[in-house]
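Okay, structure first, notes after.
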Amino acid sequence: MATSKKKKTTLVIKNIGQLVTMQGPVPRRGRDMSEIGLVTDGAVAVSGDEIMAAGKADDVSREIEPAENCVVLSADNRVVTPGLIDPHTHPIFARTRELEFEMRVMGKSYMDIARAGGGIRASVRHLREMEEDKLYARAKKTLDTLMSYGVTSIEAKSGYGLSTDSEIKSLEIIKKLNEQEAMDLYPTFLGAHEVPDEYRERHEAYVDLVIDKMIPAVAEKKLALFCDVFCEEGVFTVEESRRILEAAQKAGMKAKLHADELKSTGGAELAAEIGAVSADHLVCISEKGIDLLAASKTVAVLLPGTSFALGLESAAPARKMIEKGVIIALSTDCNPGSSMTESLPMIISLAALKLKMTAAESLSAVTVNAACAIDQGERLGRLEPGLPADMVIWDMDDYRELPYHYGVNLADVVIKRGKVVVGE
Ligand code: NIG
Ligand code: FE
């Protein structure tokens, strides 16, 4: 068992029935996705905001040098995992869109609603009208709910502003949330989420605006680590996506892509070719797309909650992707249009039922591999000495209850950087 040099212990979790350390290869591909670094009769010792030791209780106890006021928690023989990572969220929006959900229930499609001026463009109109402090407060609610479900880090996209000012405003809210709230947010600029109302007849001019004005402004203010594009029939083409993402890469951002969600357009191929950090959705990925991703470091972020909430039967070919060695992560896609949920555990249930992923594979997908999808594979998603002490004590005796006991919240205690933030 690896340990870090002697420091005072500020938090101990003892009596852990199953400790999921996720120690092992980063990222996890193929059969390695089933390896979750499972330790029975475990314990974790924390110093400040870092893990000191995580492993067998007997080994960990040798490392403990309690500080004054050291907090000792008992997991009561239940399960402890790293804090979950949600690598694809759209939390900066003004209002929910439940009427569209009902329209879909009554038979309209997501694209019908978008073409009629609803969808993302409706959210853009809402966001532009709302003051910053109200947007902040609404987004904070989303973060708090995510955290209550065991999520301790997220990727967070702009994309409901679609003007230079309102995209900057959205990214500044993400920055402020990151500074002020317990959740860590990894920001993504998504100016190419849709073409806003005022550019409907000037699609090309909007692509130019993203490249010539928005990307330089975002880069100059250092507001985003990543740039994403909604590459989809009727939104942005593969060629437009390539131009936007290459411009972003030149400006110092890493590429992400909403790819092959509703139609197969070659999005996965583009993501692999330009070395994107992730390609997301991939419900309609081609055989060639799978092969190219398997040979790349691009993480495939699968979002089964989106197909579920759109009422679609379709699902990404996860089994084939895992067999071929694609790096798979899972995410909520939390957004007011196509996937209104903050429950990453519910996504794990859907991954089991719709993507045929085991509990262990899904745990890899929301820890180590999700960390890679936000370019943090070196430091997040594992319980190892020296890494941030982000953990969850779950109200279950066996980690396989996570997909099985669906639609309820089993996250009992959430610890962020060594502090209890939910529960106890
Ligand atoms: O990931 N696909 C594009 N973006 C979101 C939907 C956004 C919306 O409908 O508001 C998604 O599914
Ligand atoms: Fe999305």
Side-chain angles (χ1 to χ4, degrees), residues 86-104 108-128 135 138-139 142 146 154-162 166-167 170 186-197 226-236 241 244 255-263 265 267 271 276-284 299-312 314-316 329-342 344 347 350 370 373-374:
D86 191 337
H88 182 138
T89 80
H90 304 250
I92 310 301
F93 60 84
R95 278 200 243 157
T96 50
R97 306 207 311 259
E98 55 282 352
L99 297 186
E100 292 182 7
F101 179 82
E102 196 156 271
M103 283 162 82
R104 287 200 299 275
K108 287 255 186 305
S109 77
Y110 180 79
M111 276 304 176
D112 288 343
I113 294 167
R115 272 190 288 268
I120 295 167
R121 283 191 285 149
S123 282
V124 169
R125 292 189 286 274
H126 303 156
L127 181 135
R128 288 178 181 178
L135 282 168
R138 212 230 48 78
T142 298
L146 279 159
I154 64 170
E155 180 259 16
K157 301 175 197 291
S158 66
Y160 292 119
L162 309 190
S166 54
E167 283 296 304
S170 301
Y186 292 83
T188 296
F189 164 62
L190 179 55
H193 198 190
E194 179 46 296
V195 177
D197 292 343
F226 310 108
C227 177
D228 192 351
V229 176
F230 188 13
C231 178
E232 189 66 49
E233 203 178 272
V235 194
F236 296 97
S241 304
I244 294 166
K256 283 179 163 281
L257 198 62
H258 281 69
D260 302 321
E261 176 184 353
L262 303 164
K263 294 268 168 66
T265 63
V277 159
S278 75
D280 303 33
H281 287 290
L282 305 172
V283 173
C284 306
V299 179
V301 178
L302 306 185
L303 308 158
T306 309
S307 303
F308 174 71
L310 291 177
L312 304 174
S314 47
L330 289 166
S331 161
T332 58
D333 193 13
C334 177
N335 78 78
S338 60
S339 185
M340 190 60 205
T341 185
E342 294 91 349
L344 197 49
I347 301 303
L350 291 172
I374 55 171

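Atoms within each ligand, like the ligands themselves, are counted from 1 in listed order.
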- With heavy atoms only and a cut-off of under 4.0 Å, state how F93 meets ligand 1: side chain, backbone, both or neither. neither

- Message: Any non-hydrogen side-chain atom of T341 less than 4.5 Å from a side-chain atom of I347?
- Response: yes

- Query: At a 4.0 Å threshold, what atoms of ligand 1 neighbour a non-hydrogen atom of H88?
  - Reply: 1 (O)

- Task: Could you tell me if any non-hydrogen atom of E232 lies under 4.0 Å from any atom of ligand 1?
- Result: no

- Task: Provide, to 0.1 Å, the distance between atom 11 (C) of ligand 1 and the closest protein heavy atom, together with that atom's residue and name.
- Result: D333 OD2, 3.1 Å

- Query: Would H258 and H88 count as having a side-chain donor-acceptor pair, cut-off 3.5 Å?
  - Reply: yes

- Assess whether atom CZ of F308 is packed by more than 12 heavy atoms of other residues, nucleotides or ligands within 6.0 Å. no

- Note on the structure: Atoms of ligand 1 under 4.0 Å from any heavy atom of N335, numbered from 1 in the order shown, are 5 (C), 6 (C), 7 (C), 8 (C), 9 (O), 10 (O), 11 (C), 12 (O)

- Task: Would you give the length of the straight line joining atom NZ of K157 to atom CZ of F189, rounded to the nearest 0.5 angstrom?
- Result: 12.5 Å

- Any side-chain heavy atom of H281 within less than 4.5 Å of one from E232? no

- Do S170 and L127 come within less than 4.5 Å of each other through their side chains, counting heavy atoms only? yes

- Close approach of E194 to ligand 1, heavy atoms, under 4.0 angstrom: no

- Item | Non-hydrogen side-chain atoms of R128 and P196 separated by less than 4.5 Å | yes

- Query: By number and element, which atoms of ligand 1 are closer than 4.0 Å to a non-hydrogen atom of Y160?
  - Reply: 7 (C), 8 (C), 10 (O)

- Check ligand 1 against H281 and write out every atom of the ligand that is under 4.0 Å from a heavy-atom position of the residue. 1 (O), 11 (C), 12 (O)

- Query: To which protein heavy atom is atom 2 (N) of ligand 1 closest, and what is the distance rounded to 0.1 Å?
  - Reply: F230 CZ, 3.1 Å

- Identify, by atom number and element, the atoms of ligand 1 in contact range of S338, meaning under 4.0 Å from any of its heavy atoms. 5 (C), 6 (C), 9 (O), 11 (C), 12 (O)

- So which of L330, L350, V283 actually passes side-chain contact (heavy atoms from CB on, under 4.5 Å) with L302? L330

- Query: Under 2.8 Å from the Fe ion (ligand 2), which protein N/O/S atoms are there?
  - Reply: H88 NE2, H90 NE2, H258 NE2, D333 OD1

- Are any of the side-chain nitrogens in D260 or K263 under 4.0 Å away from the carboxylate oxygens of its partner? no

- Message: Regarding ligand 1, does Y110 bring an N or O atom to under 3.5 Å of one of the ligand's N or O atoms?
- Response: yes

- Message: Under 4.0 Å from a heavy atom of H193: which atoms of ligand 1 are those, numbered in the order shown and with their elements?
- Response: 3 (C), 4 (N), 5 (C), 7 (C)

- Item | Under 3.5 Å: N/O of T306 near N/O of ligand 1 | no

- Item | Criterion side chain to side chain contact (heavy atoms under 4.5 Å, CB included) on F93 and H126, from CA distance to verdict | CA-CA 8 Å; F93 60 84; H126 303 156; over 6 Å; no

- Task: To the nearest 0.5 angstrom, please state how far the CD1 atom of I92 sits from the CZ atom of R138.
- Result: 7.5 Å

- Pick one: which of D86, T306, D280 meets side chain to side chain donor-acceptor pair (under 3.5 Å) with S331? D86

